[in-house]
Chemist: 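Take this structure, written in structure tokens, and hold onto it; I'll ask about it next.
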Amino acid sequence: MIELIVGGARSGKSRYAEECALKFNDYPLYIATAEAGDREMARRIDQHQRRRGEQWRLIEEPLYLSQVLVKLKNSESAVVDCLTLWLSNWLCREDRQGWVDERERFLAVLKHIQGSLWLVSNETGMGVIPAGSLAREFVDESGKLHQDIAQQADTVTQMLCGIPNRIKTRNAG
């Protein structure tokens, strides 16, 4: 089971994903993509960790999500938070071929995922077209990534003001 959760900043995406994963498994896995590059990001990471508490297993993987997800077992639940930070990590490395290769590995792993997976990501394409080339590349790449994941996902949920809005549900059978 894969659910893609998209929404704006502070829309409740992470909290919703965490609640879903905890309903499935008492000790879910949290796969964090953020890197504490400055004090403000370190504070955000700390807030997330304190909110989650001790029952979460944590893997920090800023680049190679496919290597972590391929190991997910059928009885496990996991949250990946967040895909747009993952993309940012790649774009800041200026390794476009590395990004293309890892993106393809990630999408291939999703086709055979074991367990239950909640993918958290920021919706970035609902505003004006950014002025800078890197920002435009980011919006383009995140939009393409979201579309490709949404095609494979069982459920797509858009968060708005802390309220989950299902925009896709795959019918079983």
Side-chain angles (χ1 to χ4, degrees), residues 2-18 21 29-49 51-52 56-72 78-113 117-160 167-168:
I2 299 171
E3 182 170 356
L4 173 62
I5 303 162
V6 296
R10 301 291 175 256
S11 62
K13 301 178 303 289
S14 297
R15 188 178 308 269
Y16 171 76
E18 292 163 12
L29 177 61
Y30 197 91
I31 305 165
T33 63
E35 295 181 292
D38 58 38
R39 282 188 190 180
E40 190 272 336
M41 184 56 86
R43 183 185 56 77
R44 284 176 183 247
I45 291 169
D46 183 60
Q47 286 175 334
H48 271 251
Q49 288 175 344
R51 184 183 74 228
R52 285 194 310 269
W56 286 84
R57 297 172 295 134
L58 174 65
I59 295 177
E60 295 176 331
E61 181 49 64
L63 296 171
Y64 297 99
L65 289 179
S66 64
Q67 293 177 9
V68 176
L69 294 178
V70 75
K71 298 175 187 174
L72 191 64
V79 171
V80 173
D81 196 1
C82 99
L83 296 177
T84 43
L85 284 174
W86 175 54
L87 170 59
S88 293
N89 295 339
W90 276 106
L91 294 181
C92 288
R93 287 176 60 106
E94 298 182 9
D95 179 5
R96 296 310 185 259
Q97 190 59 50
W99 162 245
V100 169
D101 293 345
E102 176 57 18
R103 181 185 186 280
E104 291 307 311
R105 285 189 296 266
F106 172 80
L107 292 170
V109 166
L110 290 185
K111 291 179 183 174
H112 305 287
I113 201 75
L117 181 62
W118 289 267
L119 301 168
V120 175
S121 198
N122 292 293
E123 177 53 62
T124 60
M126 297 180 81
V128 298
I129 297 172
S133 63
L134 181 59
R136 285 190 304 273
E137 181 182 16
F138 174 78
V139 170
D140 290 348
E141 287 296 323
S142 65
K144 289 188 291 189
L145 180 65
H146 291 162
Q147 290 180 48
D148 288 343
I149 294 169
Q151 289 298 311
Q152 293 187 50
D154 300 291
T155 305
V156 178
T157 301
Q158 181 185 38
M159 294 298 295
L160 185 63
I167 57 176
K168 175 189 174 184

Chemist: Would you name the heavy atoms of Lys13 and Gly7 that are closest together and state the gap between them?
Modeler: CD-N, 3.3 Å
Chemist: Would you check, one step at a time, whether the test salt bridge (charged side-chain N to carboxylate O under 4.0 Å, His left out) holds for Glu18 with Arg15?
Modeler: CA-CA 5 Å; Glu18 292 163 12; Arg15 188 178 308 269; over 6 Å; no
Chemist: What heavy-atom pair brings Leu63 and Glu102 nearest, and what distance separates the two atoms?
Modeler: O-CG, 3.4 Å
Chemist: Can you name the ring-ring contact (aromatic ring centres under 6.0 Å, His included) partners of Tyr30, sequence neighbours left out?
Modeler: Trp56
Chemist: Are the side chain of Asn122 and the backbone of Thr124 linked by a donor-acceptor contact shorter than 3.5 Å?
Modeler: no
Chemist: Mind checking the CG-CD spacing from Leu69 to Glu61? Nearest 0.5 Å is all I need.
Modeler: 9.5 Å
Chemist: Counting only N and O atoms by type, is there a donor-acceptor contact under 3.5 Å from the side chain of Asn89 to the main-chain atoms of Thr33?
Modeler: yes
Chemist: Please tell me if the side chains of Trp118 and Thr157 come closer than 4.5 Å, counting only heavy atoms from C-beta onward.
Modeler: no
Chemist: Which residues pass the side chain to side chain contact (heavy atoms under 4.5 Å, CB included) test with Ala36, sequence neighbours left out?
Modeler: Ala42, Ile45
Chemist: Which heavy-atom pair separates Lys168 from Gln151 by the least distance, and what is that distance?
Modeler: NZ-O, 3.4 Å
Chemist: Within this structure, what is the CZ-CG distance for the pair Arg39 and Asp46, rounded to the nearest 0.5 Å?
Modeler: 14.0 Å
Chemist: Between the side chains of Asp101 and Gln97, is a donor N or O closer than 3.5 angstrom to an acceptor N or O?
Modeler: yes
Chemist: Taking side chain as C-beta onward, heavy atoms only, is Leu58 less than 4.5 Å from Arg52?
Modeler: yes
Chemist: Rounded to the nearest 0.5 Å, what separates atom CD in Gln67 from atom CZ in Arg105?
Modeler: 7.0 Å
Chemist: How far does CD of Glu137 sit from CG of Leu91, to the nearest 0.5 angstrom?
Modeler: 5.0 Å
Chemist: Give the intermediate values and the outcome of side-chain contact (heavy atoms from CB on, under 4.5 Å) for residues Phe106 and Leu83.
Modeler: CA-CA 11 Å; Phe106 172 80; Leu83 296 177; 4.0 Å; yes
Chemist: Is there side-chain contact between Leu110 and Leu117, with at least one heavy-atom pair below 4.5 Å?
Modeler: yes
Chemist: Which pair of non-hydrogen atoms, one from Ser14 and one from Arg51, has the smallest distance, and what is that distance?
Modeler: CB-NH2, 3.6 Å
Chemist: Measure from the ring center of Tyr64 to the ring center of Trp90 and say whether it is less than 6.0 Å.
Modeler: yes
Chemist: I want to check a possible cation-pi pair here: Arg96 against Trp99, using under 6.0 Å from ring centre and within 45° of the ring axis as the test.
Modeler: no
Chemist: Using every non-hydrogen atom in the two residues, find where Trp86 and Leu65 come nearest and quote the distance to one decimal.
Modeler: CD2-CD1, 3.5 Å
Chemist: Ignoring hydrogens and angles, tell me if any N or O in the side chain of Glu3 forms a donor-acceptor pair with the backbone of Thr155 under 3.5 Å.
Modeler: no
Chemist: Given side-chain contact (heavy atoms from CB on, under 4.5 Å), test Glu35 with Met41 step by step and report yes or no.
Modeler: CA-CA 7 Å; Glu35 295 181 292; Met41 184 56 86; over 6 Å; no
Chemist: Just how far is it from atom CD1 of Ile59 to atom CG of Leu29, taken to the nearest 0.5 Å?
Modeler: 4.5 Å
Chemist: Quick one: pull up CG in Asp154 and CG in Leu4 and give me the separation to the nearest 0.5 Å.
Modeler: 11.5 Å
Chemist: Ser121 and Thr84: which non-hydrogen atoms are nearest, and at how many Å?
Modeler: OG-CG2, 3.4 Å
Chemist: Determine, step by step, whether Asp148 and Arg103 satisfy the side-chain contact (heavy atoms from CB on, under 4.5 Å) criterion, reporting the C-alpha distance in whole Å, the side-chain angles of both residues, the deciding distance to 0.1 Å, and the verdict.
Modeler: CA-CA 10 Å; Asp148 288 343; Arg103 181 185 186 280; 2.4 Å; yes
